[in-house]
S.K.: 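Take this structure, written in structure tokens, and hold onto it; I'll ask about it next.
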Amino acid sequence: MKNNNDKGLTDIASLGEFGLIDHLTRGIKHHHPETLMGVGDDAAVIDNGPLATIITKDLLVEGVHFDMVYTPLKHLGYKAVAVNLSDIYAMNARPRQILAGIAVSRRYSLEALEELYAGIRLACDKYNVDLVGGDTTTSKAGLFISITAVGQAEKEQVVYRSGARPNDLIFVSGDLGGAYCGQLVLQREKQAYRANPDTQPDISSYSYVIERQLKPEPRRDIIELLHEAGVRPTSMIDISDGLASEILHICKNSGTGATIYEEKIPLDRRMAQTAHEFNIDPTTCALSGGEDYELLFTISQSDYDKIKDISSVHPIGHITEAEQGHNLFTSSGQLVKLTAQGWDPIKAG
Ligand code: ADP
Ligand code: MG
């Protein structure tokens, strides 16, 4: 850890987000036997008889997670709910309730906050969850939104990050890298507007990637499809920080390695086009861009036939013994180490 000032205090940037969480929560003891999972997965799991209660929380900060120049408040409210529901689905559970905390400065009018809540309500209606409370306070700088989501699952249906075993197949849903490309476009248009406020941004040809950034959908459909197919993944996580980072989380928690194949990573043509325009390799966007909110999961090989016809999930590799490490087999035939360069708000900030 790095000391960055003459008082000998430690710069939190030297730990990174996950290092900081590890440091602050190391050695925390649970006082109750019903606390089945605490820090360290997509959500906490509480024993509730035959059922498990699943709880997760995310905090969105103006200027860090969203930019008011290009984020419609209705979309922001929707996204704040969506990203939490994604963590509930990642436990193979179903969301039931949310609480919404906001800190808001007087720069925001009542009408603006009504828009925010229109988005929150829309997501609640679409995903069948009840808004049951929250907290409201003032902020001196910008808007903060913190949503807590509560979900439910049959106890033996809950899927953790830790259940992957060697030879399991690795799958991802949807396609990756789009949300990051959407952000690149929105930031470029913001700069262009600042340089010349008379120009009208032409973003119509980027609508796919912009939607991926501004209005992500949590993958309830995947959870339902796997359920109908009679498949319980051995491990699962949602892709909020980039594919590489999430694979490393699964491997770390499961005590395994993994090999994935570049040519198998699902990329949308519109994402790849935008990435090329920015001189970025589309695979890099998938591996290291964030906020796609797709699901990454593993299944045992014997379940492959049950899900091979589901068009929205794609096999990208397999789990290995830990000693084999974390590898990406590139399209040009090289084996390279997978490293997490996922978006790290603490290092970035
Ligand atoms: P995700 O990306 O799935 O939302 P995070 O990386 O934010 O997960 O968090 C990883 C784990 O660390 C989760 O179990 C989360 O509840 C926990 N966590 C994050 N921040 C804190 C904190 N400040 N105090 C205690 N636990 C935390
Ligand atoms: Mg998650």
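Counting starts at 1 for both ligands and their atoms, in listed order. All of these numbers come straight from a predicted model, not from anything done at the bench.
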S.K.: What is the nearest protein non-hydrogen atom to atom 6 (O) of ligand 1, stated with its residue, atom name and distance?
M.R.: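 The answer is Phe18 CE2, 3.4 Å.
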S.K.: So does Asp42 have any N/O/S atom less than 2.8 Å away from the Mg ion (ligand 2)?
M.R.: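 Of the N, O and S atoms in Asp42, at least one lies under 2.8 Å from the Mg ion (ligand 2), which means yes.
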S.K.: Can you list the atoms of ligand 1 that are under 4.0 Å from a heavy atom of Thr25?
M.R.: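 Reading through ligand 1 atom by atom, the close ones are 25 (C), 26 (N).
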S.K.: Does the protein put a heavy atom less than 4.0 Å from atom 25 (C) of ligand 1?
M.R.: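 Yes, at least one protein heavy atom sits under 4.0 Å from atom 25 (C) of ligand 1.
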S.K.: Going by an N to O cut-off under 4.0 Å, is there a salt bridge joining Glu156 and Arg232?
M.R.: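 A salt bridge is absent here (no side-chain N lies under 4.0 Å from a carboxylate O).
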S.K.: Side chains of Tyr206 and Glu211: any donor to acceptor distance under 3.5 Å?
M.R.: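 The criterion, which ignores hydrogens and geometry beyond distance, is not satisfied for Tyr206 and Glu211.
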S.K.: Ring-plane angle category for Phe18 and His249, please: parallel below 30°, perpendicular beyond 60°, tilted otherwise.
M.R.: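 Perpendicular, since the angle between the ring planes exceeds 60°.
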S.K.: How close does the nearest protein non-hydrogen atom get to atom 7 (O) of ligand 1, and which residue and atom is it?
M.R.: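 Residue, atom and distance for the closest contact: Glu17 OE2, 3.9 Å.
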S.K.: Verify the distance criterion only: is there a donor paired with an acceptor across the side chains of Tyr208 and Asp175 at less than 3.5 Å?
M.R.: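 There is such a pair between these side chains.
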S.K.: Go through the side-chain N and O atoms of Asp238 and Ser86 and say whether any donor and acceptor fall under 3.5 Å apart.
M.R.: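 Result is yes, a qualifying pair exists.
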S.K.: Under a 4.5 Å side-chain heavy-atom rule over Ile, Leu, Val, Met, Phe, Trp and Tyr, are Val159 and Phe297 clustered together?
M.R.: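 Looking at the clustering, Phe297 is in the same group as Val159.
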S.K.: Looking only at N/O atoms, are Asp41 and ligand 1 under 3.5 Å apart anywhere?
M.R.: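 Min N/O separation from ligand 1 is below 3.5 Å for Asp41.
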S.K.: Is Leu24 touching ligand 1 with its side chain, its backbone, both, or neither, if touching means heavy atoms under 4.0 Å apart?
M.R.: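 Contact part for Leu24 vs ligand 1: neither.
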S.K.: Below 4.5 Å, heavy atoms only, C-beta onward: do Glu262 and Leu328 meet side chain to side chain?
M.R.: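 Result yes, sub-4.5 Å side-chain heavy-atom pair found.
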S.K.: Could you identify the N, O or S atom of Asp87 positioned closest to the Mg ion (ligand 2)?
M.R.: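 Of all N, O or S atoms belonging to Asp87, OD1 is the one nearest the Mg ion (ligand 2).
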S.K.: Is there a nitrogen or oxygen of Asp241 sitting under 3.5 Å from a nitrogen or oxygen of ligand 1?
M.R.: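 No: no nitrogen or oxygen of Asp241 is under 3.5 Å from one in ligand 1.
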S.K.: Is it the side chain (CB and beyond), the backbone, both or neither of Val39 that lies under 4.0 Å from ligand 1, heavy atoms counted?
M.R.: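 Near ligand 1, Val39 shows its backbone as well as its side chain.
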S.K.: So which of the N, O or S atoms of Asp238 lies nearest the Mg ion (ligand 2)?
M.R.: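 Result for Asp238 and the Mg ion (ligand 2): OD1.
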S.K.: If you scan the protein for heavy atoms around atom 17 (C) of ligand 1, do you find one that is closer than 4.0 Å?
M.R.: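 Yes, because at least one protein heavy atom sits under 4.0 Å from atom 17 (C) of ligand 1.
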S.K.: Compute both the distance and the angle, then confirm whether Lys79 meets the cation-pi test with Phe66: under 6.0 Å from the six-membered ring centre, within 45 degrees of the axis.
M.R.: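 No, cation not above the ring by the 6.0 Å, 45° rule.
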S.K.: Check this for me: Asp22, atom CG, are more than 12 non-hydrogen atoms of other residues, nucleotides or ligands nearer than 6.0 Å?
M.R.: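 Count over threshold, so yes.
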S.K.: Just heavy atoms, cut-off under 4.0 Å: does Glu246 contact ligand 1 by side chain, backbone, both, or neither?
M.R.: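 Contact part for Glu246 vs ligand 1: neither.
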S.K.: Starting from atom 2 (O) of ligand 1, which protein heavy atom do you reach first, and at what distance in Å?
M.R.: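 Minimum-distance protein heavy atom for atom 2 (O) of ligand 1 reads Ser240 OG, 3.4 Å.
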S.K.: Short question: side chain of Asn196, backbone of Asp198 - any donor-acceptor pair under 3.5 Å?
M.R.: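 Looks like yes, one N/O pair under 3.5 Å.
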S.K.: What residue and heavy atom of the protein are closest to atom 4 (O) of ligand 1, and at what distance?
M.R.: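 Nearest protein contact, heavy atoms only, for atom 4 (O) of ligand 1 is Asp87 OD2, 3.2 Å.
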S.K.: Show the atoms of ligand 1 that are less than 4.0 angstrom away from any heavy atom in Gly40.
M.R.: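 Answer for ligand 1: 11 (C), 13 (C), 14 (O).
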S.K.: Answer yes or no for Arg161: is there a heavy-atom contact with ligand 1 below 4.0 Å?
M.R.: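 Yes; Arg161 lies near enough to ligand 1 that a heavy-atom distance drops under 4.0 Å.
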